[in-house]
Protein chains: 2
Amino acid sequence: MSLLDPLIAKLGSIGHLSESDRNLLAALPITVRNVGANQPVVHQGDLPKSSILVISGILSRFQELTDGGRQLVSFHLTGEMPDLHTLYIRKMDHSLVALKDSVIGHVPHDAIHAAVSASSSLMALLWRATLIDAAIFRQWMTNNGRRGPAAGTAHLLCEIALRSKVAGGLYADGACDMPFNQQQLADALGISLVHANRTLKSLKERGIALIERGRLRVLDWEALQTAAGFDPTYLHLKADS
Amino acid sequence: MSLLDPLIAKLGSIGHLSESDRNLLAALPITVRNVGANQPVVHQGDLPKSSILVISGILSRFQELTDGGRQLVSFHLTGEMPDLHTLYIRKMDHSLVALKDSVIGHVPHDAIHAAVSASSSLMALLWRATLIDAAIFRQWMTNNGRRGPAAGTAHLLCEIALRSKVAGGLYADGACDMPFNQQQLADALGISLVHANRTLKSLKERGIALIERGRLRVLDWEALQTAAGFDPTYLHLKADS
DNA sequence: CGAAACGTTGAGCTAGTTCAATCCTGGTGG
DNA sequence: CCACCAGGATTGAACTAGCTCAACGTTTCG
């Protein structure tokens with residue numbers, strides 16, 4: 001039982017992990033830290049020397065606009081590394097915040113670099129993780145653009161549900177954590193707070209899905225998927241996809 | 001003088017390329033092909049066994065929605081590899097099209113994999129290239145979302161101008177290629193064709209920038225940057241950023 | 001209990017959409 | 001050389017999705 005287990009599980013869900021890669025990961029040095037809800041973790045402009053691992057809780061990345069507006073660009077569940085990209089892009093062009101009380105670990109870049117040069121299969125898997133990240137960005141782009149608010153919201157809910165399911169244990173009885181307030185949901189979809197509220201209301205009234213006390217409950221998975229135009233291909237969950 | 005020179009130049013613009021890495025790149029096998037404007041290059045669902053290099057021209061990636069709408073998610077200038085990510089994510093979750101008559105090369109994955117395992121610095125640079133891609137996605141997400149149509153359009157123009165400038169020779173006398181029609185511009189920004197037209201009109205009337213015969217002409221760089229809230233950090237053009 | 005944060009609702013307004021016509025440009029065939 | 005055509009650009013006008021403003025309800029937690 002290691003603090004790195006969530007990472008091992010996550011990487012195992014997107015590709016094959018050999019015994020030796022598993023050991024390499026388990027041996028990574030990690031410094032644990034608690035962060036409270038809405039606490040900043042990394043700032044735009046920072047030059048991190050380590051990458052964050054989400055051990056429990058949920059983090060989110062966001063860009064801040066000159067007019068004070070915010071665009072959330074991603075959220076990160078247990079086992080994910082939100083700023084893994086700082087391995088090869090030193091300067092943060094966005095910020096990282098905890099959406100609920102979370103436990104995170106700092107893993108020094110040096111150690112990851114060493115692990116990556118020791119195993120090309122591990123390198124491939126970590127690279128793949130950042131590529132899946134990018135695939136998710138593409139979908140969010142569409143959520144904010146052509147897909148439109150209604151379908152975009154549904155798409156985001158589909159994604160959260162599925163990613164939680166895959167993360168193992170985070171999805172049960174048709175429900176999973178989704179500790180965003182409606183302002184944050186709006187900031188992820190590029191719509192107004194009021195409109196986010198009304199979109200959720202509509203999903204609830206149609207018996208499709210609802211959010212209560214920070215948890216997403218999916219009532220009709222088929223309908224939600226249809227409303228979203230959701231195709232899970234982009235999450236590349238199978239090693240051969 | 002090799003067909004791989006554009007790639008070497010591109011990678012050199014985002015990091016340091018050693019002599020031996022340069023040689024590794026120059027030795028990559030490549031099959032050249034001409035594609036006409038609006039011709040598809042790779043389709044959603046494909047499982048490519050090679051990656052594309054843009055030798056000249058401009059390509060674009062896009063997602064197709066169930067209602068027939070399109071979301072452009074990126075465009076790619078000379079020296080870029082639009083589907084480099086298929087190295088570690090086999091299945092295309094979007095399509096690739098040429099926006100103007102272009103010359104492209106196919107570089108087999110096998111050869112790239114071999115080069116990457118031969119040189120960890122080259123691996124780092126290619127990985128970095130995909131990470132910068134992702135950083136651009138984040139900005140486009142904001143273009144489609146919180147930034148709003150006016151600033152988003154300006155931001156896109158800034159990005160095209162700067163990337164063309166860096167690509168070397170593509171930007172001269174305040175102008176560079178930008179062979180999108182207004183429908184494609186609208187599809188990149190998630191707005192209507194009419195609105196895209198009016199946004200461009202406004203930029204022209206204010207003496208900031210204009211598009212004529214497939215070329216972008218920047219009249220007032222300062223004003224364009226201000227209108228966009230443009231901060232070039234995200235392009236990570238310097239090796240230490 | 002009371003305060004603070006979050007969620008919900010109504011009403012009026014506006015940015016952006018749709019529809020549809022017209023104009024412009026470059027390319028083609030006679 | 002010119003008439004014609006197709007794709008793209010531009011414009012006007014009516015409409016509406018989504019926004020802002022502002023109030024009020026609800027939950028959480030000290």
Side-chain angles (χ1 to χ4, degrees), chain A residues 36-39 60 65 67-72 97-101 143-154 157 177-206 209-217 227, chain B residues 36-39 60 65 67-72 97-101 143-154 157 177-206 209-217 227:
Chain A
N38 302 313
Q39 248 185 267
S60 171
L65 304 186
D67 68 355
R70 277 188 178 193
Q71 175 78 48
L72 302 199
V97 69
L99 292 184
K100 60 181 286 198
D101 292 350
N143 283 348
N144 276 275
R146 263 294 126 73
R147 193 125 55 202
T153 304
L157 299 190
D177 270 359
M178 188 174 148
F180 312 177
N181 64 33
Q182 297 185 346
Q183 181 62 62
Q184 289 163 333
L185 188 69
D187 286 342
L189 292 162
I191 61 179
S192 72
L193 165 64
V194 172
H195 196 54
N197 178 284
R198 291 193 167 124
T199 306
L200 288 178
K201 183 184 175 188
S202 158
L203 284 173
K204 190 196 302 184
E205 284 173 353
R206 288 187 288 155
L210 57 85
I211 297 179
E212 48 179 8
R213 262 169 286 116
R215 285 184 68 78
L216 163 65
R217 177 170 300 280
Chain B
N38 302 314
Q39 250 186 264
S60 172
L65 303 186
D67 68 355
R70 279 188 176 194
Q71 175 77 48
L72 303 199
V97 68
L99 292 184
K100 59 181 289 195
D101 292 352
N143 283 348
N144 277 274
R146 266 285 170 287
R147 191 126 58 204
T153 305
L157 300 190
D177 270 1
M178 186 172 150
F180 313 176
N181 64 31
Q182 297 185 346
Q183 181 63 62
Q184 290 163 333
L185 188 67
D187 286 341
L189 292 161
I191 60 179
S192 72
L193 166 63
V194 172
H195 195 55
N197 177 285
R198 292 195 165 121
T199 305
L200 288 177
K201 184 185 175 188
S202 157
L203 284 172
K204 191 195 301 182
E205 283 174 353
R206 289 187 286 155
L210 57 85
I211 297 178
E212 49 179 7
R213 262 169 287 117
R215 286 184 67 78
L216 162 65
R217 178 170 299 281

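Letters A, B, ... are given to chains in the order of the sequence lines, protein chains preceding strands, and every chain is numbered from 1.
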Trainee: How bent is the helix from C:dC1-D:dG30 to C:dG30-D:dC1, comparing axes over its five end pairs at each side, to the nearest 10°?
Mentor: 40°
Trainee: Can you give me the first and the last nucleotide of DNA chain C (5' to 3') that has an atom within less than 4.0 angstrom of a non-hydrogen atom in chain B?
Mentor: C:dG16 to C:dG26
Trainee: Quick check: do B:K100 and B:N38 have side-chain heavy atoms less than 4.5 Å from each other?
Mentor: no
Trainee: Sequence neighbours left out, cut at 3.5 Å: what donor-acceptor pairs do the side chains of residues 193-201 of chain A make with other protein atoms?
Mentor:
{"residue": "A:N197", "atom": "ND2", "partner": "A:Q182", "partner atom": "OE1", "Å": "2.9"}
{"residue": "A:T199", "atom": "OG1", "partner": "A:H195", "partner atom": "O", "Å": "2.8"}

Trainee: Does B:R215 have any salt bridge (charged side-chain N to carboxylate O under 4.0 Å, His left out) partners at least two apart in sequence or in another chain, and if so, which?
Mentor: B:D177
Trainee: Please enumerate all residues that pass side chain to side chain contact (heavy atoms under 4.5 Å, CB included) together with B:L65, with sequence neighbours excluded.
Mentor: A:T142, A:R146, A:R147, B:D67
Trainee: Under the side chain to side chain contact (heavy atoms under 4.5 Å, CB included) test, which residues partner B:S202, sequence neighbours left out?
Mentor: B:R206
Trainee: Taking the side chain as every heavy atom from C-beta outward, state whether A:L216 and A:L210 have any atom pair closer than 4.5 Å.
Mentor: no
Trainee: Check salt bridge (charged side-chain N to carboxylate O under 4.0 Å, His left out) between B:R70 and all other residues, then give those that pass, not counting sequence neighbours.
Mentor: B:E64
Trainee: Of all residues at least two apart in sequence or in a different chain, which pass the salt bridge (charged side-chain N to carboxylate O under 4.0 Å, His left out) check with B:R217?
Mentor: B:E212
Trainee: Under 3.5 Å, which protein N or O atoms sit close to an N or O of nucleotides 13-20 of chain D? Give each pair with its distance.
Mentor:
{"residue": "D:dC19", "atom": "OP1", "partner": "A:S192", "partner atom": "N", "Å": "2.9"}
{"residue": "D:dC19", "atom": "OP2", "partner": "A:S192", "partner atom": "N", "Å": "3.3"}
{"residue": "D:dC19", "atom": "OP2", "partner": "A:S192", "partner atom": "OG", "Å": "2.8"}

Trainee: Taking the side chain as every heavy atom from C-beta outward, state whether B:K204 and B:I211 have any atom pair closer than 4.5 Å.
Mentor: no
Trainee: Heavy atoms within less than 4.0 Å of DNA chain C: which residues of residues 180-187 of chain A have one? Give them sorted by number.
Mentor: A:N181, A:Q182
Trainee: With the sugar-phosphate defined as primed atoms, P, OP1 and OP2, and the base as all remaining atoms, what B/S/- string results for nucleotides 25-30 of chain D, 5' to 3', for protein heavy atoms under 4.0 Å?
Mentor: ---S--
Trainee: Please list, chain by chain and in numerical order, all residues satisfying side chain to side chain contact (heavy atoms under 4.5 Å, CB included) with A:N181, sequence neighbours excluded.
Mentor: A:Q183, A:Q184
